[in-house]
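Notes for the one structure printed next.
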Amino acid sequence: MSTRGTNFPHQWLANNQSGMISADVLSIAEFIQELFADAKSFGISSTELEEDTGSIYQALLDAIVHHEGGAPE
């Protein structure tokens with residue numbers, strides 16, 4: 001596990017969450033591609049991101065649910 005692999009998705013979500021408020025499945029897939037591309041530009045691989053975070057898809061989905069005030073399942 002790496003600190004940067006753990007911190008990057010959290011920081012990225014904080015910076016981009018407002019654009020995800022009413023995201024659908026296709027939008028989430030696009031956000032994931034953006035996150036991976038941004039991470040790659042910092043030398044962080046998708047494997048490094050998911051070592052500690054787990055599923056990036058699930059992390060984005062959770063961020064959207066929590067932002068809208070919904071309860072996680």
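All values below come from the heavy atoms of this structure, side chains included, with hydrogens, waters and symmetry mates left out.
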### Task
Heavy atoms only: give me the nearest Gly5-Pro9 pair and the separation to one decimal.
O-CD, 3.1 Å
#### Entry: From Leu35 atom CG to Asn15 atom CG, the distance as rounded to the nearest 0.5 Å
10.5 Å
### Task
Could you tell me which non-hydrogen atom of Leu49 sits nearest to which non-hydrogen atom of Ala39, and how far apart they are?
CD1-CB, 3.7 Å
### Message
Rounded at 0.5 Å granularity, tell me how far CD in Glu51 sits from OG in Ser45.
### Response
7.0 Å
### Query
Hey, does Glu50 have a side-chain heavy atom less than 4.5 Å from the side chain of Phe36?
yes
### Side-chain heavy-atom pair Leu60, Trp12 within 4.5 angstrom cut-off
yes
### Query
Roughly how far, to the nearest 0.5 Å, is the CD1 atom of Ile44 from the OG1 atom of Thr6?
10.0 Å
### Message
For a quick test of reading the model, state the closest non-hydrogen atom pair linking Glu48 to Gly43 and the distance between them.
### Response
OE1-O, 4.2 Å
